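These notes are about the structure you will find just below.
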Amino acid sequence: MNEKDKIISVFSLVLENGCLKKTVFSKATDKNIVRAVARIFAKKNGESFVQLETFTSDNKARHKNLSLSEAPEYLAELSLSQFLQTNIVCAKGECEIKISKKGKIFISDRIVYSDKAELSGHNREKNYILDKAPFLEFLGICNQNGKIIDKKQSKFRQINRFVELLDDVYDSLPSDKELLVCDLCCGKSYLTFAVYYYLTEIKKRKIKMYGVDLKRDVIEYCSDVTKNLGYTDLEFICDDISNFDRGTPDLVISLHACDIATDIVLGYAINHGAKVILSTPCCHHEMMKQLSCDTLSFISDYSMLKQKLCDAATDSLRCLMLSANGYSVEALELIDPDDTPKNLLIRAVLDSKMSIEKKEEYRAQYKNAVDFLGVNPFLSNIVTKEE
């Protein structure tokens, strides 16, 4: 089976099994096209179809409706001829298709085809996990009638997407005990309240959750909101996360912890043996000051390109460090780049079956990468966990 047939097969299966949430086409070969998004809809008569929405550089959008029978071949051809990257996002997992500058096609399929996605009616608003959650009004995200405030739409979508990505790995959390959950560098704690609500109200779990941050005024505000909501098992602590310790956490989360604060979060999670980690990095500065690699000077000689290189390299090393400590790791898109450029989420699940040999292989990769880049990442110096 050639690559096109493989991609057609993926589209056919996700449509037949009803597990497609959306397909995002990006990195267009035509400079006049920004991206395209395909979704499946249901008409009032029950018939389903795929709508392809193409966004152009002049801020316009074109729509094309496809039948379920014609969509697989059409979308496969589109992904191969007009875009260098395609992400087929499903109820659980996704398939990523990338095309290199030399035309080589890479397909990474992690779709769970048995998990169905909720089918939306045409032009109907998306049903979010956090719809009408009581904390939204307290945090100023929605009004008294439950309507999301316009300026908070992107924040609402962001925390919903984070919870969706947590939901994908929920089964990796222990099912037979009270969960210990930590939001480190919690800031205004939109995410803290979202995850607390998801675990206690939707999943009906008994949990103990901590939000930790250095900003005293923010912690006091969040503590007041907690009391008003009656969230008795949620506690906010004003402290340096380097000093925080409440035992072995089941889940560690962080949203946009700045620069090496993300490393402190990841180091804490690794050292304490967290079962699941979800972290979105922010403001990468450390490697910009350290990078020393003559081979990459054709990139690092240009400040903007050097920043992009350092961003990607920093997060790649973080993923490798997690892998070297026994985690199964994914780097995922958090939300539409139009909402925020800080769009990467690192998701790691502790893999108790990973062999020592595999971890050593990851450690060797990490060391080789660090030596090549000529850097000494902060994370290297704070991970103390031993086999």
Side-chain angles (χ1 to χ4, degrees), residues 18-19 21 89-93 112 114-120 125-139 141-142 144 146 148 155-184 186 188-212 222-237 246-255 269 272-280 328 330 332 334-335 345 347-352:
C19 55
K21 293 177 73 174
V89 183
C90 294
K92 190 167 186 179
V112 179
S114 58
D115 280 34
K116 293 184 179 296
E118 183 176 346
L119 188 62
S120 297
E125 289 187 5
K126 173 182 171 65
N127 289 322
Y128 290 100
I129 290 178
L130 301 177
D131 271 344
K132 299 180 181 179
F135 73 88
L136 295 172
E137 182 182 347
F138 279 88
L139 295 180
I141 295 177
C142 73
Q144 292 180 340
I148 304 301
K155 176 58 68 175
F156 180 63
R157 289 192 296 269
Q158 182 189 70
I159 59 176
N160 263 285
R161 177 59 177 157
F162 196 105
V163 170
E164 288 174 354
L165 291 169
L166 170 58
D167 187 61
D168 287 344
V169 293
Y170 171 77
D171 290 341
S172 299
L173 293 169
S175 59
D176 57 351
K177 62 184 283 290
E178 177 180 288
L179 296 176
L180 176 58
V181 183
C182 302
D183 185 354
L184 305 180
C186 61
K188 294 181 179 178
S189 300
Y190 295 107
L191 185 62
T192 321
F193 287 103
V195 171
Y196 182 90
Y197 175 83
Y198 163 77
L199 290 173
T200 60
E201 298 296 327
I202 297 177
K203 292 300 183 180
K204 305 299 181 183
R205 294 297 300 272
K206 178 69 175 175
I207 76 170
K208 179 61 181 178
M209 186 169 185
Y210 297 95
V212 186
C222 293
S223 296
D224 287 341
V225 173
T226 300
K227 291 176 184 177
N228 289 328
L229 289 167
Y231 288 173
T232 56
D233 297 314
L234 174 57
E235 181 179 349
F236 287 93
I237 298 172
R246 290 297 188 277
T248 301
D250 298 296
L251 172 63
V252 171
I253 61 173
S254 69
L255 181 65
H272 286 78
K275 305 297 188 301
V276 176
I277 307 165
L278 282 83
S279 178
T280 60
S328 174
E330 297 173 280
L332 304 167
L334 176 61
I335 198 170
L345 181 136
R347 186 171 69 188
V349 176
L350 192 61
D351 182 359
S352 60

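Source: prediction; values computed, not measured. All heavy atoms count here, side chains included; hydrogens, waters and symmetry mates do not.
- To the nearest 0.5 Å, atom CD1 of residue I237 and atom CG of residue L184 are 10.0 Å apart.
- The aromatic rings of F193 and F236 sit tilted, their planes meeting at an angle between 30° and 60°.
- Nearest heavy atom pair, residue T280 against residue L334, reads CG2-CD2, 3.8 Å.
- Atoms CG and CG, from L166 and L345 in turn, are 10.0 Å apart once rounded to the nearest 0.5 Å.
- Here the CD-OG distance, from E235 to S223, works out to 8.0 Å after rounding to the nearest 0.5 Å.
- Taking all atoms of both residues into account, the shortest heavy-atom contact from L136 to L130 is CD1-O, 3.2 Å.
- Nearest heavy-atom pair, A91 versus K116, reported as atom, atom and distance to 0.1 Å: CB-O, 3.4 Å.
- Here Y190 contributes atom OH and C222 contributes atom SG; the two are 9.0 Å apart, rounded to the nearest 0.5 Å.
- The closest side-chain heavy-atom distance from V225 to Y231 is not below 4.5 Å.
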Legend entry - Criterion side-chain contact (heavy atoms from CB on, under 4.5 Å) on M209 and I253, from CA distance to verdict: CA-CA 11 Å; M209 186 169 185; I253 61 173; 4.0 Å; yes

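- Shown here for A269 and I277, the closest heavy-atom pair between the two residues is CB-CD1, 3.5 Å.
- With respect to L234, the side chain to side chain contact (heavy atoms under 4.5 Å, CB included) criterion is satisfied by exactly one of T200, V195, T192: T192.
- Put simply, the side chain of F135 does not reach to within 4.5 Å of the side chain of T226, judged on heavy atoms.
- V181 is not listed as a side-chain neighbour of D250, based on a closest heavy-atom distance of 4.5 Å or more.
- Judged by distance alone, the side chain of R347 and the main-chain N or O of L332 form no donor-acceptor pair under 3.5 Å.
- Atoms NZ and OH, on K92 and Y170 in that order, are 12.0 Å from each other to the nearest 0.5 Å.
- In this structure, K208 places its NZ atom where more than 12 heavy-atom neighbours from other residues, nucleotides or ligands lie under 6.0 Å away.
- Proximity of C182 to V212: side-chain heavy atoms (C-beta onward) are nowhere separated by under 4.5 Å.
- For the atom pair CD1 (I159) and CG (L255), the distance works out to 9.0 Å, reported to the nearest 0.5 Å.
- The minimum heavy-atom distance linking H272 with T248 is given by the pair O-CG2, 3.2 Å.
- Side chain of R205 to main chain of K177: a donor-acceptor pair is present (N/O by atom type, distance under 3.5 Å, no hydrogens or angles).
- Under the side chain to side chain contact (heavy atoms under 4.5 Å, CB included) rule, L278 has a single partner from L251, D183, L191, which is L251.
- Checking side-chain atoms of N160 against main-chain N and O of I129 turns up a donor-acceptor pair under 3.5 Å.
- For C186 against G211, the heavy-atom pair with the smallest separation is SG-C, 3.6 Å.
- Inter-residue side-chain proximity for D233 and Y196 is flagged as met; some heavy-atom pair is nearer than 4.5 Å.
- Listed for the N228 side chain is a donor-acceptor partner under 3.5 Å among the backbone atoms of D224.
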